[in-house]
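Presented below is the structure to which this report refers.
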2 protein chains.
Amino acid sequence: MDEQSVTNLLREKGFKVTPQRLAIYDVLAKTKEHPSAEMIFNQLQEYYPTMSLATVYKTIEILKEIGLVQVLNVGEDSFRYDAIVENHPHIRCMVCKRVDDVEEVDSSDFIEKIKEKTAYQLTGQQFYFYGICPKCMVKH
Amino acid sequence: MDEQSVTNLLREKGFKVTPQRLAIYDVLAKTKEHPSAEMIFNQLQEYYPTMSLATVYKTIEILKEIGLVQVLNVGEDSFRYDAIVENHPHIRCMVCKRVDDVEEVDSSDFIEKIKEKTAYQLTGQQFYFYGICPKCMVKH
DNA sequence: CTCATTGCAAAGGTTTTGCATGACC
DNA sequence: GGTCATGCAAAACCTTTGCAATGAG
C-alpha cells in the first residue's frame with residue numbers, strides 16, 4: 001500500500017497522520033523479514049533518533065486495527081509484524097531465527113477440512129513451519 | 001502416559017523424580033484446556049500450597065526436553081502447554097479465549113505441498129485456527 | 001551423604017500505561 | 001486553540017536466574 005493510501009486510511013478511521021506512523025508502516029511495507037517492534041525501532045533510529053519504542057507499539061496497535069498489518073507468533077518471546085495481510089504460511093529457521101514467507105501455496109483445501117471437523121465458526125488461521133533455511137544448511 | 005512411565009523416563013534421562021514434577025505432568029495429562037504456566041500453578045495451589053511458579057517453569061522445560069509436552073503459541077502473551085505431543089491443529093475462541101484441539105484431521109497433504117514450495121528443510125509445524133466456539137456463538 | 005531440586009526473591013525482557021510536552025488540523 | 005500523538009519513565013506482565021534450604025537417591 002502506498003503512502004497516500006495509508007494517509008487516507010488513517011484519516012478515514014479517525015487517526016492523525018504523523019511522520020512516525022508513516023515511517024513505521026514504511027519499514028514494514030518494505031521488508032520481508034517480519035520484524036519485531038525492537039527491530040523496527042532499531043531500523044528507524046538512524047533517521048528518527050527521537051522515536052520511542054512506545055510509539056512503535058502504539059502505532060502497530062493502530063495499524064493492526066485498521067487492517068494494515070498482521071501479527072505473527074512464531075514461538076519467540078516477542079511478536080513479529082507483517083504488512084502483507086493476506087493470510088499465508090510462515091517458516092522460521094531454527095538456527096538463524098529468520099522468518100520467511102512460504103509463497104504460492106493454496107491452503108483452501110486444508111482450511112475446508114478443518115471447517116468440516118470443528119464446531120467453531122472459523123474467522124482466521126496461522127500456519128507456522130519450522131526448519132533449517134538454505135543458508136544455514138550450507139554452513140553445517 | 002502413566003505415572004510409572006513418566007517416572008522411568010525422568011530417571012532414564014538423568015532427572016530426579018519429585019512430587020512436584022509428577023503433579024505438573026499430571027495436570028497436563030488430565031486436561032484438554034492447554035493451560036499456561038500460571039493456570040497449572042493455580043490448579044496445583046490447593047494440593048501443593050508451597051509450589052512456586054519457578055518450579056512450574058523449570059519442570060515444563062524438562063518435560064519439553066524429554067518429549068513429554070509441546071509448547072503452543074496461540075497469539076497470547078504467554079505460552080500454553082499440551083501433553084499430547086503428536087502434532088495436531090489447535091483452535092482458539094476469540095471470545096472466551098479457550099483453546100481446543102482439532103481432531104481427526106490429516107494434514108500430511110498440506111505439509112507435502114509446503115515441502116515442495118520451500119527451500120527449507122522442514123522439521124515441524126504448528127497450525128492455529130481462530131474463531132468463535134459453540135458456547136460463545138449461542139450467547140450472541 | 002551428596003547433589004539435584006525447590007521456592008523465594010530478584011532480575012530480565014517485552015509490552016503497556018500515565019503524563020507532560022509537542023504537533024497536527 | 002483543541003485535541004490527539006509523542007516520548008520519557010514507570011509499571012505491568014511473563015519468564016528466567018541465583019541462591020540458601022530441602023529432599024531424592
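All chains are named by letter (A, B, ...) in the order of the sequence lines, taking the proteins before the strands, and each is independently numbered beginning at 1. Note that these values count all heavy atoms, side chains included, but never hydrogens, waters or copies made by symmetry. Please read all numbers here as calculations on a predicted model, not as lab measurements.
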Nearest to the side chain of [X], heavy atoms from C-beta on, is which of [options]?
X        : options                  : result
Tyr57(B) : dG7(D), dC14(D), dG7(C)  : dC14(D)
Tyr81(B) : dA9(C), dT15(D), dT6(C)  : dT15(D)
Ala37(A) : dG7(D), dT15(C), dC25(C) : dT15(C)

**Prompt:** Is a side-chain N or O of Lys97(B) found less than 3.5 angstrom from the main chain of Arg92(B), in a donor-acceptor match?
**Reply:** no

**Message:** Can you say whether a donor on the side chain of Lys16(A) sits under 3.5 Å from an acceptor on the base of dT3(D), or the other way round?
**Reply:** yes

Reckon [X] touches a base, only the sugar-phosphate, or nothing at all at heavy-atom distances under 4.0 Å?
X        : answer
Glu38(B) : sugar-phosphate
Thr55(B) : base
Pro49(A) : nothing

Separation of [N] [atom2] from [X] [atom1] (nearest whole Å):
X        : N       : atom1 : atom2 : answer
Arg80(A) : dT15(C) : CZ    : C1'   : 16 Å
Glu76(A) : dT15(D) : CD    : C1'   : 15 Å
Tyr48(B) : dG7(C)  : OH    : P     : 11 Å
Glu65(A) : dA5(D)  : CD    : P     : 11 Å
Lys13(B) : dA4(C)  : NZ    : P     : 18 Å
Leu10(B) : dG25(D) : CG    : P     : 10 Å
Phe41(B) : dT6(C)  : CZ    : P     : 14 Å
Ile40(B) : dC14(D) : CD1   : C1'   : 14 Å

Are [X] and [Y] close enough for a salt bridge, meaning some N to O gap below 4.0 Å?
X         : Y         : result
Asp26(B)  : Lys30(B)  : yes
Lys113(A) : Glu116(A) : no
Lys64(A)  : Glu61(A)  : yes
Asp100(A) : Arg98(A)  : yes

Side-chain N,O ([X]) to OP1/OP2 ([N]) below 4.0 Å:
X        : N       : result
Arg21(B) : dA24(D) : no
Thr50(B) : dG7(C)  : yes
Thr18(B) : dT6(C)  : yes
Ser52(B) : dT6(C)  : no
Gln20(A) : dA23(C) : no

**Prompt:** Which comes earlier along DNA chain D counting from the 5' end, the contact point of Glu61(B) or that of Pro19(A), where each point is its nearest nucleotide?
**Reply:** Pro19(A)

**Prompt:** Once the angle between the rings of Phe110(B) and Phe110(A) is folded into 0 to 90°, is it parallel (under 30°), tilted (30 to 60°) or perpendicular (over 60°)?
**Reply:** parallel

**Asked** Where do Asp101(A) and Ile91(A) land on the side-chain contact (heavy atoms from CB on, under 4.5 Å) test, with the steps shown first?
**Response** CA-CA 6 Å; Asp101(A) 297 310; Ile91(A) 189 161; over 6 Å; no

**Request:** Can you pull out how bent the helix from dC1(C)-dG25(D) to dC25(C)-dG1(D) is, comparing the axes over its first five and last five pairs, to 10°?
**Result:** 30°

**Prompt:** Is it the case that more than 12 heavy atoms not belonging to Glu3(B) sit under 6.0 Å from its CD atom?
**Reply:** no

